[in-house]
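Lettering of chains follows the sequences in order, A, B, ..., and the numbering in each one begins at 1.
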Amino acid sequence: MQFFGGSEISPSPPAPSAPGNNGHMMYVFNRNGVCLLYREWNRPLRTLDAQQDHKLMFGLLFSLKSLTAKMDPTSAAEKGNLGMPQLPGQGCSFHSFRTNTYKLSFMESPSGIKIILVTHPRTGDLRESLKRIYNLYVDYVVKNPLYTPGSPIRCELFNTTLDQYVRGIG
Amino acid sequence: MPPVAPRTGDAIFANIERVNAELFTLTYGAIVRQLLTDLEEVEEVNKQLDQMGYNIGIRLIDEFLAKSNVSRCNDFRETTDVIAKVGFKMFLGVTASVTNWDADGTCCSIVLEDNPLVDFVELPDNCQGLYYCNILSGVIRGALDMVSMKTEVTWLRDVLRGDDVFELQVKLVKHVPEEYPYKDDE
């Protein structure tokens with residue numbers, strides 16, 4: 001999906017000077033809209049308080065998913081009104097959008113874990129990277145006996161591994 | 001093209017870390033034994049095992065999805081097939097089969113011929129009401145709960161009770177649609 005940025009009318013930020021440092025921030029939500037994790041690497045501008053920001057991001061994804069499914073020209077199934085609750089497996093889903101200033105990549109597992117990574121607009125396809133992050137989440141969070149499912153993640157080891165991994169994303 | 005979901009769990013089973021089967025069997029046996037001592041009532045032990053299984057299932061589903069590359073299933077038939085062929089293989093090293101579908105495709109049986117949990121196990125006379133493997137039904141229920149399917153899982157046949165195989169009945173109660181979780185005034 002391309003918003004506004006197609007012909008480069010509006011200025012893009014300069015290409016990143018060195019590899020690494022492409023990540024702006026990352027969110028992990030669970031199926032109930034709880035923000036399990038928020039990581040920030042490079043976010044000069046902040047307009048909302050953290051809680052509002054998380055809610056807005058979740059709302060954006062939720063609505064966009066519902067829109068993309070509604071607009072899908074290939075699926076013949078009865079789709080109902082926009083915003084109708086969807087059954088699991090119903091409808092298509094989007095995996096990224098790009099503006100002139102950032103790119104948002106999105107992955108949702110069938111169990112409702114949503115991973116959102118916001119990066120420099122010139123980063124390539126991150127679908128494999130998001131899967132890798134999902135695997136990290138499983139290894140460091142889900143398998144951690146001290147972690148209560150559904151609560152915000154407080155695990156230093158996960159954070160360090162994640163930081164390291166995201167730094168390596170080109 | 002998205003990666004094709006595996007039809008069997010063999011490749012994944014070969015690649016993940018495993019523990020010694022006997023250690024696993026004996027540890028499970030020790031847990032059940034301890035529960036019997038602590039809770040005294042066989043019924044309570046069944047419930048507790050189911051609850052423990054549920055708690056495992058809600059975590060296990062993510063490991064399953066992350067490692068197996070399975071994406072959303074189209075219907076309940078595909079779901080049970082994946083559980084039997086991929087899930088059981090991946091975590092227990094055995095393969096199950098799916099049979100006895102009812103007419104609307106919401107209820108079926110998963111049949112296990114081989115079950116590593118019950119090696120060396122015999123039920124004593126005072127534990128005849130015990131569903132020794134009740135943890136498995138809890139795991140399936142918990143895992144399906146996390147992918148928006150409410151199910152009821154019950155044992156129909158149990159080798160420890162004199163049947164020839166293990167048979168788990170899985171009944172789909174309902175699909176839970178995904179809804180916007182926040183209220184406007186929050």
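- Considering CG of B:D62 and CG of A:D139, their distance stands at 11.5 Å, rounded to 0.5 Å.
- Cluster membership for B:L23 and B:V118, using ILVMFWY side-chain heavy atoms within less than 4.5 angstrom, is not shared.
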Criterion side chain to side chain contact (heavy atoms under 4.5 Å, CB included) on B:E63 and A:N135, from CA distance to verdict: CA-CA 8 Å; B:E63 178 170 6; A:N135 270 288; over 6 Å; no
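- Under a hydrophobic clustering in which Ile, Leu, Val, Met, Phe, Trp and Tyr are joined whenever their side-chain heavy atoms come within less than 4.5 Å, directly or via other members, B:M90 and B:V19 fall into the same cluster.
- Residues B:M146 and A:P110 have side chains not in contact (no heavy-atom distance under 4.5 Å, counting atoms from C-beta outward).
- From B:K67, atom NZ reaches atom OH of A:Y134 across 11.0 Å, with rounding to the nearest 0.5 Å.
- By the rule that hydrophobic residues join a cluster once side-chain heavy atoms approach within less than 4.5 Å of another member, B:V153 and B:L156 end up as members of separate clusters.
- The structure places CD1 of B:I58 at 11.0 Å from OG of A:S111, a figure rounded to the nearest 0.5 Å.
- For a residue to count as touching a neighbouring chain, one of its non-hydrogen atoms must lie under 4.5 Å from one of that chain's; by this rule B:D145 touches chain A with the backbone only.
- Using a 4.5 Å cut-off between side-chain heavy atoms of Ile, Leu, Val, Met, Phe, Trp and Tyr, with links allowed through other members, A:I116 and A:L48 fall into different hydrophobic clusters.
- Expressed to the nearest 0.5 Å, how far CZ of B:R59 lies from OG1 of A:T148 amounts to 7.0 Å.
- A:E40 CD: more than 12 foreign heavy atoms inside a 6.0 Å radius.
- More than 12 non-hydrogen atoms from other residues, nucleotides or ligands lie less than 6.0 angstrom from CD of B:Q128.
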